[in-house]
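One structure is given here, and the rest of the page talks about it.
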Amino acid sequence: GAVPAVLGYGVCGWWCVRVTVLAPWRCSSVQVGSSIRDALGYCTMKQLRENEGWKRVRCHLKAHRIMFLHIEEIQNVLHQASDSEIAKVADTLRNLMISTSWPVQLIIRGTDEIVAFTKKDRQLSPRLKFVRFAGLDPNTDAAATLEAVQDFPTTPRRQRPLGPAI
């Protein structure tokens, strides 16, 4: 549903700075990219090569001026048998964050497995901050929640114009 603090989020036809996708069960890098493209309105019936698919993800994130990419159930990537596939996903996520043409902030949500997954990558780990949301109570957890997000506005590389997609 719509989140009042993020204008347009979850409202069909409205522009928003955030997009949410669900990582499919036992997914690969290709499937995560496909889910993101679908959420951005770039649906294709043919399977794209991995590098072409992620190139289109980056182009569409920029074209739609998406600043936050929220991936639900990211631990589904970890159910792959291949360590190289898991590493590809970590590399790709990091590259989205450090892009020189349009860096995005990631909100990755899932089980505790993702902490170990991200800590294996020495370049990805320092770029992430983990916040555990277990039974939040606004009366007792407001200070911790504020602390988790207070550094974002002071990060200079995140200053971008806001507005509808061009």
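Here the structure is a predicted model, which means the values were calculated and not measured.
One distance of note links CD of Q75 with OG1 of T111; it measures 4.0 Å at 0.5 Å rounding. Taken to the nearest 0.5 Å, the CZ atom of R58 stands 8.0 Å off from the OG atom of S101. In this structure, K62 NZ and L40 CG are separated by 15.0 Å, a value rounded to the nearest 0.5 Å. Atom CG in L106 sits 5.5 Å away from atom CG in L93 (nearest 0.5 Å). In this structure, CG in L61 is found 7.0 Å from CD1 in I36, a value given to the nearest 0.5 Å.
Smallest separation of non-hydrogen atoms from A23 and I71: CB-CG2, 4.1 Å. Nearest heavy-atom pair, V21 versus A39, reported as atom, atom and distance to 0.1 Å: CG1-CB, 3.4 Å. R26 approaches Q31 most closely through the heavy-atom pair O-OE1, 3.7 Å.
A 4.5 Å side-chain heavy-atom check between I74 and R109 finds every atom pair outside the cut-off. With a 4.5 Å cut-off on side-chain heavy atoms, S28 and E85 count as touching. Side-chain atoms of T20 and R18, non-hydrogen and from C-beta on, do get closer than 4.5 Å to each other.
Evaluation of the salt bridge (Lys or Arg N to Asp or Glu O under 4.0 Å) rule for E50 yields K88 as partners, not counting sequence neighbours. Every residue was checked against the side chain to side chain donor-acceptor pair (under 3.5 Å) condition with T92, not counting sequence neighbours, and none meets it. The side-chain contact (heavy atoms from CB on, under 4.5 Å) check on T100 picks up nothing, with sequence neighbours excluded. Qualifying side-chain contact (heavy atoms from CB on, under 4.5 Å) partners for N95, counting only residues two or more places apart in sequence or in other chains: I98. Scanning for side-chain contact (heavy atoms from CB on, under 4.5 Å) contacts around Q123 gives R94, D121, R127, with sequence neighbours left out. Not counting sequence neighbours, the partners of L22 by the side-chain contact (heavy atoms from CB on, under 4.5 Å) test are E72, E73. Here E52 pairs with R56 under the side chain to side chain donor-acceptor pair (under 3.5 Å) rule; sequence neighbours left out.
Using a distance-only test at 3.5 Å, with no hydrogens or angles considered, no donor-acceptor pair links the side chain of Q105 to the main chain of F68. Side chain of W102 to backbone of I66: a donor-acceptor contact under 3.5 angstrom is found. For the pair W54 (side chain) and R49 (backbone), a donor-acceptor distance under 3.5 Å is absent.
Applying the under-4.5 Å side-chain rule to Ile, Leu, Val, Met, Phe, Trp and Tyr, the cluster around Y42 extends to L48.
A single hydrophobic cluster is not seen to contain both V30 and L96; linkage of ILVMFWY side chains at heavy-atom distances under 4.5 Å, directly or through other members, places them apart.
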